[in-house]
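Below is one structure, written out as C-alpha cells, with a few remarks after it.
In this chain, numbering begins with 1 at the start of the sequence shown. Values below: all heavy atoms of this structure, side chains included; hydrogens, waters and symmetry mates excluded.
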Amino acid sequence: QVRLVESGGGLVQAGGSLRLSCAASRRAFTDYNWGWFRQYPGLEREFVAAITRTGAPDYADSVKGRFTISRDNAESIVSLQMNSLKPDDTAVYYCARTRRTAYYVPSTYLRAQSSYDTWGQGTQVTVSS
C-alpha cells in the first residue's frame, strides 16, 4: 500500500511563505499525476494545484501566481511552495495521487477530488492577519 507523508505546515503571518512536501514510495510515484487539495472546516476539499506525470502544472485561480507545485521524481516528492499567503489560505492541506497513469489527462480530471485514490494525512496551514 502506498503511504504518503506530508510535512511543512505551520503558522505564518500574512504575506509569508511556506513549503509543503509530500513523500511517497518510489515505485508508486513516477507514473502518476499528483495534486494538492485543501479543506476548510465543515466544507468539502477543494482543488489547489496539480502536476502531471510529465511535469505540467495546473492551479486554482485563487492561488495562481502565488503557489508553485513541483515534483522530484528522483526523491519521490511533490512539493507546494506557497508565497504571499493570505488568511483565506488557512486550511488543512492534503496531497493526493490520481488513479490514472495516462500521459495526458484533462484539467477537469486533475481538479476533481474523485480522480484521486490515495491521500496523505493532511497538514495544517494557518495564516494570521
For residues S17 and N83, is any side-chain donor paired with an opposing acceptor at under 3.5 Å?
->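 Short answer, yes.
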
Modelled atom types, side-chain donor and acceptor of N33 and T52, under 3.5 Å |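 The answer is no; no qualifying pair exists.
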
Might you confirm whether atom NZ of K64 has over 12 heavy atoms from other residues, nucleotides or ligands at distances under 6.0 Å?
->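 Atom NZ in K64 is packed in, count exceeds 12.
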
Please say whether more than 12 non-hydrogen atoms of neighbouring residues, nucleotides or ligands are located less than 6.0 Å from CZ in R3.
->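 No, CZ of R3 has 12 or fewer neighbouring heavy atoms, counting only those of other groups under 6.0 Å.
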
Y93 and F67 aromatic ring geometry - parallel, tilted or perpendicular at 30°/60° bounds =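 Answer is tilted, since the angle falls between 30° and 60°.
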
Pairwise distance [atom1]([X]) to [atom2]([Y]) - rounded to 0.5 angstrom:
| X | Y | atom1 | atom2 | answer |
| --- | --- | --- | --- | --- |
| I69 | S79 | CD1 | OG | 8.5 Å |
| T30 | N73 | OG1 | CG | 4.5 Å |
| Q39 | E44 | CD | CD | 7.0 Å |
| S114 | R99 | OG | CZ | 7.0 Å |
| K86 | S129 | NZ | OG | 14.0 Å |
| D117 | R100 | CG | CZ | 12.5 Å |

Nearest heavy-atom pair of [X] and [Y]: which atoms, and what distance?
| X | Y | value |
| --- | --- | --- |
| A91 | Q124 | O-NE2, 3.4 Å |
| L80 | A49 | CD1-CB, 4.0 Å |
| L85 | V12 | CD1-CG1, 3.6 Å |
| L18 | G8 | CD2-O, 3.8 Å |

May I ask you to list the residues sharing a hydrophobic cluster with L43, side-chain cutoff 4.5 Å, ordered by chain and number?
->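 Once heavy-atom contacts under 4.5 Å are chained together, L43 belongs with Y40.
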
Can you find a heavy atom in the side chain of V125 that is under 4.5 Å from one in the side chain of M82?
->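 Yes, their side chains come closer than 4.5 Å.
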
Would you say E6's side chain and G122's backbone share a donor-acceptor pair under 3.5 angstrom?
->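 Yes; at least one donor-acceptor contact below 3.5 Å.
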
Is the centre of the Y116 ring less than 6.0 Å from the centre of the F37 ring?
->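 For Y116 and F37, the ring centres are under 6.0 Å apart.
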
Would [X] end up clustered with [Y] when hydrophobic side chains under 4.5 Å apart are linked, directly or stepwise?
| X | Y | value |
| --- | --- | --- |
| L20 | V48 | yes |
| V105 | I51 | no |
| F29 | L110 | no |
| W34 | Y109 | no |

Establish, for the pair R97 and W119, whether the NZ or CZ atom is under 6.0 angstrom from the six-membered ring centre and no further than 45 degrees off its axis.
->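 The answer is no; the distance or angle limit is not met.
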
Begin with the C-alpha distance, continue with both residues' side-chain angles, and end with the deciding distance and a verdict on side chain to side chain contact (heavy atoms under 4.5 Å, CB included) for F47 and Y59.
-> CA-CA 8 Å; F47 172 76; Y59 299 98; 5.6 Å; no

Going through the distances and angles, do V92 and R38 end up as a side chain to side chain contact (heavy atoms under 4.5 Å, CB included)?
-> CA-CA 5 Å; V92 178; R38 63 188 179 189; over 6 Å; no

Carefully, step by step, assess Y94 and Q121 under the rule side chain to side chain contact (heavy atoms under 4.5 Å, CB included).
-> CA-CA 7 Å; Y94 297 87; Q121 80 282 3; over 6 Å; no

Could I get the full list of side-chain hydrogen bond (donor to acceptor under 3.5 Å, both in side chains) partners for R66, not counting sequence neighbours?
->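 Here the qualifying residues are D89.
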
Taking it one step at a time, do Y32 and R53 satisfy side chain to side chain contact (heavy atoms under 4.5 Å, CB included)?
-> CA-CA 5 Å; Y32 291 85; R53 62 179 294 180; over 6 Å; no

Tell me, which pairs form a disulfide bond (SG atoms under 2.5 Å apart) where one or both residues lie in residues 69-108, sequence neighbours left out?
->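 Passing the test, one end in residues 69-108: C22-C95.
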
